[in-house]
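Input: a single structure, listed below in structure tokens.
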Amino acid sequence: MFVSSQNSPPVFKDFTLVMPAVAVGNVGQLAVDLIVSTLNMSRVGYMHTDCLIPMAGNNPYSTSKEDAEELHTPAEVYTAAELKLAVLQIRAPIIQTKSKRFRQQLVSWIKASGFSRTVVLSSSHAYQRDDQQLQGSPLRYLVTPSLLGVSADALKELGWREMERTPAFPGVTDTDAEPRLSIPGGGITKGLYSDSCAEDLPLAVLLLFCSEGDNIPDAFALVNHLNDWLHLLDNQDQAPKNKWKIPTSWSLLFGSGIPPALF
Amino acid sequence: MATFFGEVLSVYSRAVEEEDEDIVENEEDEEIRRELEKKREVNLLWSPEILQSLTSGNKLQCSDFILAVGHNAASFLSAYVLSSSNWDAVGRASVWNERSRAVAGQSSEDSACVFYRHKDNPSVLICRVTCYIAEDQLFQWAEKVFDCVQHRGLNVTVLSDSSVADYKTENYLSSSSAPFLRSLHTTAFSDQPVCQSLEQPNIVTGLPAAVLNHCQVHCIAAAVYQCYSDVIGPDSVTMETYTPVLTKLGKVMQLVQPPSTDVLSKFVRSTDIQSNLYI
């Protein structure tokens with residue numbers, strides 16, 4: 001699944017992996033774009049899989065004419081070695097019938113690469129929140145047991161709310177209906193979390209309740225929360241500090257320019 | 001989702017389809033799913049000579065592979081290149097999906113995806129694809145085709161039709177600018193593309209993207225020339241837009257002198273009229 005784009009395969013041991021789930025509003029993917037663009041990360045390989053819809057385009061993070069014409073694929077891995085950070089960006093929807101297989105491929109790759117922890121950036125339909133979720137911060141987290149041991153203190157300090165388990169049929173009192181984890185609109189998030197618990201992988205999910213629309217503010221919110229935990233921007237010398245760089249591909253997100261004759 | 005007027009709308013996400021919880025399937029469901037998957041498999045059917053060569057472990061010796069995706073691209077190759085009758089049809093891909101139409105008396109797959117090889121220069125391979133290849137079949141098509149072809153020194157050129165409505169640009173394009181070409185190429189492609197590179201935030205999808213992905217990952221030199229046209233069906237002006245690409249490939253194969261209008265109009269008329277909405 002992972003194919004290196006360089007002469008020698010990259011080493012991921014003890015790196016932190018950040019990856020998005022293709023979810024409502026594409027918030028995770030937008031947040032990952034900000035990370036790659038701001039930290040100027042370099043591509044080290046491709047996830048060559050039949051589980052994603054094919055697409056191709058020029059370099060979405062290009063800053064000059066020289067690097068503009070570089071082909072990019074639907075799923076690629078970038079690293080910032082000095083931060084021991086690796087990022088997987090997914091740019092295309094997962095083929096519906098292959099989502100389980102995609103999760104399996106991901107889990108195998110994460111295990112084989114030796115990442116110290118994985119953070120999945122995701123989102124969930126805001127309209128499906130229940131009464132208690134409507135109040136307070138729209139940010140939620142989930143953590144597998146094996147990561148909880150290591151990060152419990154940090155998470156407590158950040159004051160984040162854990163994703164609640166909600167009853168399947170609210171209002172119906174039925175002894176069989178246990179509250180369960182539900183992440184509507186989250187794509188493979190729930191499945192990936194469950195698989196990671198089963199495989200004892202250190203994995204965390206960071207998600208935001210949101211709706212479809214202009215999700216750029218959501219992406220900023222999510223990536224700032226992530227930064228509060230992982231401190232990705234601390235080493236940046238660029239001023240102003242804590243400023244995320246928007247990639248050049250974030251243009252015309254809502255269509256082409258308007259014909260002047262329209263007015 | 002409830003709106004202000006009391007109606008309930010079903011909300012959808014542009015990113016995700018609602019994922020089915022892992023439904024426990026019974027055996028019958030599983031069998032149906034397996035059979036459907038099998039029916040959707042891409043099958044390559046080669047001529048006996050090539051099949052024998054492949055089964056004995058020798059891949060097709062190929063220096064140039066030209067792929068045309070879409071009616072205009074395919075008709076362009078037919079009119080400007082294949083009409084010289086120096087080409088043998090050496091194989092086809094059979095692809096079945098929800099959009100395959102059964103045409104009475106003829107298998108619709110017959111002419112939809114055909115491979116041709118040059119008689120005098122058998123290392124030049126052309127493929128015309130006019131059928132729809134579904135999202136779950138694209139990767140498979142690219143894998144299976146490139147598995148048959150040797151990669152060393154291979155140059156891939158893809159001609160692809162697209163609608164100008166899909167082209168995003170800041171300055172509104174007036175109708176006089178279409179049709180035009182834009183290119184994308186893999187890192188291994190060291191030549192000069194014949195037209196401007198595809199600007200952000202535009203992307204390529206479908207079969208050309210699947211081919212580019214495969215070539216990028218396997219370090220094969222490949223270039224896609226996407227023609228953005230404002231005409232839906234086959235059109236001679238759109239076809240002519242591809243000419244610079246073949247002039248470049250001229251050393252590999254001879255371009256037929258620009259075909260006569262009779263030849264061109266044959267290709268323009270030959271497709272079924274899908275609907276009479278725009279006549």
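First the proteins, then the strands, lettered A, B, ... as listed; each starts at 1.
The OG atom of B:S197 sits 11.5 Å away from atom CD of A:E70, with the distance rounded to the nearest 0.5 Å. Separation of atoms CD (A:Q96) and CD (B:E135) is listed at 9.5 Å; rounding is to 0.5 Å. In this structure, the separation between CE on A:M55 and CD1 on B:I203 is 4.0 Å, given to the nearest 0.5 Å.
Considering every non-hydrogen atom in both A:H48 and B:N213, the closest pair reads CE1-O, 4.2 Å. Closest of all the heavy-atom pairs between A:A56 and B:A209 is N-CB, 3.8 Å. Residues A:S251 and B:P201 come closest through the heavy atom pair O-CG, 3.1 Å.
Contacts of A:S4 with chain B are absent, with no heavy-atom separation under 4.5 Å from either backbone or side chain. With a threshold of 4.5 angstrom between heavy atoms, A:V24 approaches chain B through its backbone and through its side chain. If you measure heavy-atom distances from A:L252 to chain B, the contacts under 4.5 Å come from both the backbone and the side chain. Residue B:Q140: no heavy atom, backbone or side chain, is found under 4.5 Å from chain A.
Within residues 152-169 of chain B, the residues having any heavy atom less than 4.5 Å from a heavy atom of chain A are, in residue-number order, B:Y167, B:K168, B:T169. Annotation: residues 214-225 of chain B contacts chain A through B:H214, B:Q216, B:V217, B:H218 [non-hydrogen atoms, separation under 4.5 Å].
Interface check for chain B: of the options A:C51, A:G45, A:S5, A:P54, the most heavy-atom pairs under 4.5 Å are formed by A:P54. Of all the listed residues (A:A92, A:A21, A:S249), the one sharing the greatest number of non-hydrogen pairs under 4.5 Å with chain B is A:S249. In terms of heavy-atom pairs under 4.5 angstrom with chain B, the leader among A:I53, A:T97, A:I95 is A:I53.
Within a 6.0 Å radius of CD in B:Q192, no more than 12 heavy atoms belonging to other residues, nucleotides or ligands are found. Surrounding CD of B:E143 are more than 12 heavy atoms belonging to other residues, nucleotides or ligands, all under 6.0 Å away. Taking a 6.0 Å sphere around CZ of B:R99, one finds it holds 12 or fewer heavy atoms contributed by other residues, nucleotides or ligands. The number of heavy-atom neighbours closer than 6.0 Å to CD of A:Q6, taken from other residues, nucleotides and ligands shown, is above 12. Around the CD atom of B:E28, the shell of radius 6.0 Å holds no more than 12 heavy atoms that belong to other residues, nucleotides or ligands.
Looking at A:N58, its side chain never comes within 3.5 Å of a backbone N or O of B:Q200 through a donor-acceptor pair.
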| task | Carefully, step by step, assess A:L71 and B:L184 under the rule side chain to side chain contact (heavy atoms under 4.5 Å, CB included). | result | CA-CA 7 Å; A:L71 194 76; B:L184 267 186; 4.0 Å; yes

